[in-house]
Undergrad: 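One structure, as structure tokens, below. Some questions next.
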Amino acid sequence: MAADGCSLLPDDSLFLGFDCSTQSLKATVLDASLAIVAHDAVHFDSELPHYGTEGGVRRDAAEPGRIVSPPLMWAEALDLLLQRLKPKVDFGRVAAISGSAQQHGSVYWGHGAGAVLASLDPASGLAPQLAGALAAPESPVWMDSSSTAQCREVEAALGGALALARMTGCRAHERCTGPQIRKMFQTRRGIYDGTERISLVSSFMASLLIGGYACIDQTDGAGMNLMDIETRQLRQDAIEATAPDLEVKIGKLAPAHAIAGTLAPYFVQRFQFTRNCPVVQWSGDNPNSLAGLALSNPGDLAISLGTSDTVFGVTNVPEPSLDGNILPNPVDPKTYMVMLCYKNGSLTREDIRDRYAEKSWDVFNNLLEQTDPLNGGKLGFYYKEHEILPPLPVGFHRYIVDTLASGPLAETEERLTDEFDPPSEVRALIEGQFLSMRGHAERCGLPVPPNRIIATGGASTNHAILKTMASVFGCPVYTVQRPDSASLGAALRAAHGLICKQQGEFVPISRVYSGGLDGTSLSMRLAVPFGDCEGDDELLNRYALLVKKRLEIEQKLVERFGRVK
């Protein structure tokens, strides 16, 4: 057995975690001491260009807001990624596998697809064999904003937005799977009727691995508007408000730590994994990041800076609201995960970089550093994509707040302007993103200021951005060894699921790293301190005023431009 607190894991074992995100499929391999022994990725646009994606998705020119991805691309990426890992990893030592995937996306399996999954030929790739198994060649993904009408219909049927949030963990957002399924039923009835099973992206990938339909896990399932957040089972009234015959198409839900099945013969023969290698339930990318960050203290926050930006924390007492999402904690059945999701993340930062910083992150960071905190009262609202929080359409809005001294909010006045100078544009974007996160986190009952923030995602390597995060939230910021916490969390959950299977019951995930996190891939470092400099407290108070002003302007924008709520 492994030393250093991982005594429940066999010494020679490896644990494989995947992350099927919007733009790539990544893999992380941990050994029994939780050290990373291999990592690789397949980028969809550049390495699988024949699927015609941009940023991992396709945008429907004929239907504004409709954004999809081809599931066969994810399947082909899985083959390619395993082929790349094979020279670096002895797959025969892999003791368990799990995975992470972008949340909310729905995959429609055609009639007879279960039989196709059960008879995959290891001499041929996944994609060609699955081409005829899908009722729909494209999957609506979390970026889709074309289901507003269905969202309102579901909310009306179940007593309103807040009532739905209290039942299922969140109001009906366009990205949520239930409204997307309803839209499929209403507008593509032939596809819906021809569907044998509906998977989330996470359970789709798990289904490939086990050669049969994998259950949707209860954590990722909370993003569907179909699951009761307390009982963690499908709600009959939500099912009936969405589409007919849906319960049989969704199937049973399973705890995130459960075993989905054993690895299919396809992978055993094609890649030389061991027979009976367990596949632990896949879950969503944000829940896996929570696991990969070992986030368990209700006083801490995590912020993931990726294609989407998310803020999440842990709570013992969920308080559903119109702003955030409540999900079961994937590694602790007694607690919940609170999450805020923003669609305008890295792609919007890249857009402002290209417009105002010569397409250079070095120039971007220099512009950010040369502007003072609070940006002279310049506030920017940048929506390259239809935003989720707040529900606003594409558009850029810039304001100057004339009075920013401490005092009553009524004494501050804002005026609209067309454009800022480049340094102010950069700070207005970054500062504005964190001001919004802080304001909405506070509304959802998350701690502000938190004890600390754990930053992950691609932009968490950018020190200038992290400095702004620390100033706005008023706390130190920590980072992990690798910005890809989702595939790391999936590998950790694979180990955890194996231990639960061996013990015959749920055991706390802390048992996996009972010797502490130092020396493992889960260890953290202080990236940006806070509170050591004179004036930090005064700056925090002034940011509090600016947060209130931003939320006030945000509400005015929603009233003027917002999609119907």
Side-chain angles (χ1 to χ4, degrees), residues 1-19 26-40 78 81-100 205-206 208-210 214 255-283 288 291-294 330-331 480-482 484-523:
M1 294 291 177
D4 301 324
C6 303
S7 58
L8 294 176
L9 302 176
D11 281 329
D12 202 35
S13 57
L14 299 176
F15 300 92
L16 173 57
F18 293 99
D19 175 35
K26 309 178 192 72
T28 296
V29 182
L30 298 179
D31 65 15
S33 63
L34 305 184
I36 295 174
V37 297
H39 179 85
D40 214 325
L78 180 59
L81 185 53
L82 287 171
Q83 196 62 47
R84 282 193 187 162
L85 284 171
K86 192 175 177 182
K88 299 185 285 186
V89 178
D90 179 359
F91 287 147
R93 293 172 52 199
V94 173
I97 300 170
S98 191
S100 151
M205 297 297 288
L208 300 182
L209 290 174
I210 67 172
H257 64 271
I259 302 299
T262 56
L263 199 60
Y266 175 91
F267 297 95
V268 174
Q269 296 175 37
R270 188 176 176 91
F271 299 105
Q272 287 72 60
F273 286 91
T274 58
R275 297 169 64 104
N276 300 319
C277 176
V279 177
V280 177
Q281 287 285 155
W282 283 46
S283 192
N288 275 279
L293 298 174
V331 292
V480 290
Q481 287 186 28
R482 295 195 62 88
D484 176 29
S485 57
S487 67
L488 172 64
L492 181 68
R493 288 184 49 253
H496 179 233
L498 178 65
I499 291 175
C500 292
K501 177 178 181 288
Q502 291 171 338
Q503 300 294 308
E505 61 181 358
F506 176 84
V507 296
I509 195 170
S510 57
R511 295 278 297 276
V512 180
Y513 44 82
S514 57
L517 299 179
D518 291 343
T520 75
S521 59
L522 307 176
S523 62

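Computation of the quantities below employed the complete heavy-atom set of this structure, encompassing side-chain atoms and omitting hydrogens, waters and symmetry-equivalent molecules.
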Undergrad: Nearest 0.5 Å, please: how far is CD1 in Ile509 from NE2 in His257?
TA: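 Answer rounded to 0.5 Å: 11.5 Å.
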Undergrad: According to side-chain hydrogen bond (donor to acceptor under 3.5 Å, both in side chains), who are the partners of Ser283, at least two apart in sequence or on a separate chain?
TA: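 Result, side-chain hydrogen bond (donor to acceptor under 3.5 Å, both in side chains) vs Ser283: Asp217.
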Undergrad: Taking all atoms of both residues into account, what is the closest heavy-atom pair of Ile210 and Ala264, and its distance?
TA: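 Closest heavy-atom pair between Ile210 and Ala264: C-CB, 3.7 Å.
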Undergrad: Describe, in one word, how the ring planes of Trp282 and Phe18 are oriented to each other, choosing from parallel (under 30°), tilted (30 to 60°) and perpendicular (over 60°).
TA: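 Because their plane-to-plane angle is under 30°, the rings of Trp282 and Phe18 count as parallel.
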Undergrad: To the nearest 0.5 Å, how far apart are CG in Leu82 and CG in Leu209?
TA: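 Between Leu82 CG and Leu209 CG, I get 7.5 Å after rounding to 0.5 Å.
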Undergrad: Quick one: are Leu85 and Phe91 in side-chain contact, heavy atoms under 4.5 Å?
TA: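 Result yes, sub-4.5 Å side-chain heavy-atom pair found.
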Undergrad: Holding to salt bridge (Lys or Arg N to Asp or Glu O under 4.0 Å), I want the full list of residues that pass it with Asp40, two or more places apart in sequence or in another chain.
TA: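 Result, salt bridge (Lys or Arg N to Asp or Glu O under 4.0 Å) vs Asp40: Lys88.
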Undergrad: Under the salt bridge (Lys or Arg N to Asp or Glu O under 4.0 Å) test, which residues partner Asp484, sequence neighbours left out?
TA: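 If we apply the salt bridge (Lys or Arg N to Asp or Glu O under 4.0 Å) test to Asp484, skipping adjacent residues, there are no hits.
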Undergrad: What distance separates Leu492 CG from Tyr513 OH, expressed to the nearest 0.5 Å?
TA: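 That separation rounds to 6.5 Å.
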Undergrad: Residues two or more places apart in sequence or in another chain: which of them pass ring-ring contact (aromatic ring centres under 6.0 Å, His included) with Phe267?
TA: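 Applying ring-ring contact (aromatic ring centres under 6.0 Å, His included) to Phe267 gives none.
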Undergrad: If I compare all heavy atoms of Ala491 with all of Thr28, which pair ends up nearest, and what's the gap?
TA: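 Heavy-atom minimum between the residues: CB-O, 3.7 Å.
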Undergrad: Check for a donor-acceptor pair, side chain of His39 on one end and backbone N or O of Val29 on the other, with a separation under 3.5 Å.
TA: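 A pair under 3.5 Å: no.
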Undergrad: So, for Ile97 and Phe273, which heavy atoms are closest and what is the spacing to 0.1 Å?
TA: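 Between these two residues, the closest heavy atoms are CD1-CE2, 3.9 Å.
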Undergrad: Looking only at heavy atoms, what is the nearest atom pair of Val280 and Ala256, with distance?
TA: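 Smallest heavy-atom distance, with atoms named: CG1-O, 3.7 Å.
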Undergrad: For Pro508, give me all partners under side chain to side chain contact (heavy atoms under 4.5 Å, CB included), at least two apart in sequence or on another chain.
TA: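 Ser510, Arg511.
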Undergrad: Which residues pass the side chain to side chain contact (heavy atoms under 4.5 Å, CB included) test with Ala96, sequence neighbours left out?
TA: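 Counting only residues at least two positions away or on another chain, Ala96 forms a side chain to side chain contact (heavy atoms under 4.5 Å, CB included) with Phe15, Pro278, Ala494, Leu498.
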Undergrad: Rounded to the nearest 0.5 Å, what separation is found between the CG atom of Asp19 and the OG atom of Ser100?
TA: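 Answer for the CG-OG pair, Asp19 versus Ser100, is 3.5 Å.
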Undergrad: Applying side chain to side chain contact (heavy atoms under 4.5 Å, CB included), name anything that partners Gln272, two or more places apart in sequence or on another chain.
TA: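 Once residues adjacent in sequence are excluded, the partners of Gln272 under the side chain to side chain contact (heavy atoms under 4.5 Å, CB included) criterion are Lys86.
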Undergrad: Taking all heavy atoms of Ala214 and all of Ala260, pick out the closest pair and write down the distance.
TA: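 Closest pair (atom of Ala214, atom of Ala260, distance): CB-CB, 4.4 Å.
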Undergrad: Can you pull the salt bridge (charged side-chain N to carboxylate O under 4.0 Å, His left out) pairs that have at least one residue in residues 261-271, sequence neighbours excluded?
TA: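 Of all non-adjacent pairs touching residues 261-271, those that pass salt bridge (charged side-chain N to carboxylate O under 4.0 Å, His left out) are Asp79-Arg270.
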Undergrad: Enumerate the residue pairs fulfilling side chain to side chain donor-acceptor pair (under 3.5 Å) with a member in residues 490-501, sequence neighbours excluded, ordered by first and then second residue.
TA: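 For residues 490-501, and leaving out neighbouring residues, the side chain to side chain donor-acceptor pair (under 3.5 Å) pairs sorted by first residue read Ser98-Arg493, Asn288-Arg493.
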Undergrad: Side chains of Leu30 and Ile36: does their closest heavy-atom pair fall under 4.5 Å?
TA: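 Yes - at least one pair of side-chain heavy atoms lies under 4.5 Å apart.
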Undergrad: For the residue pair Leu14 and Asp90, what are the closest heavy atoms and their distance?
TA: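 The answer is CD1-O, 3.9 Å.
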Undergrad: Going by salt bridge (Lys or Arg N to Asp or Glu O under 4.0 Å), name the residues that satisfy it together with Asp12, two or more places apart in sequence or in a different chain.
TA: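 Asp12 satisfies salt bridge (Lys or Arg N to Asp or Glu O under 4.0 Å) with Arg93 once adjacent residues are dropped.
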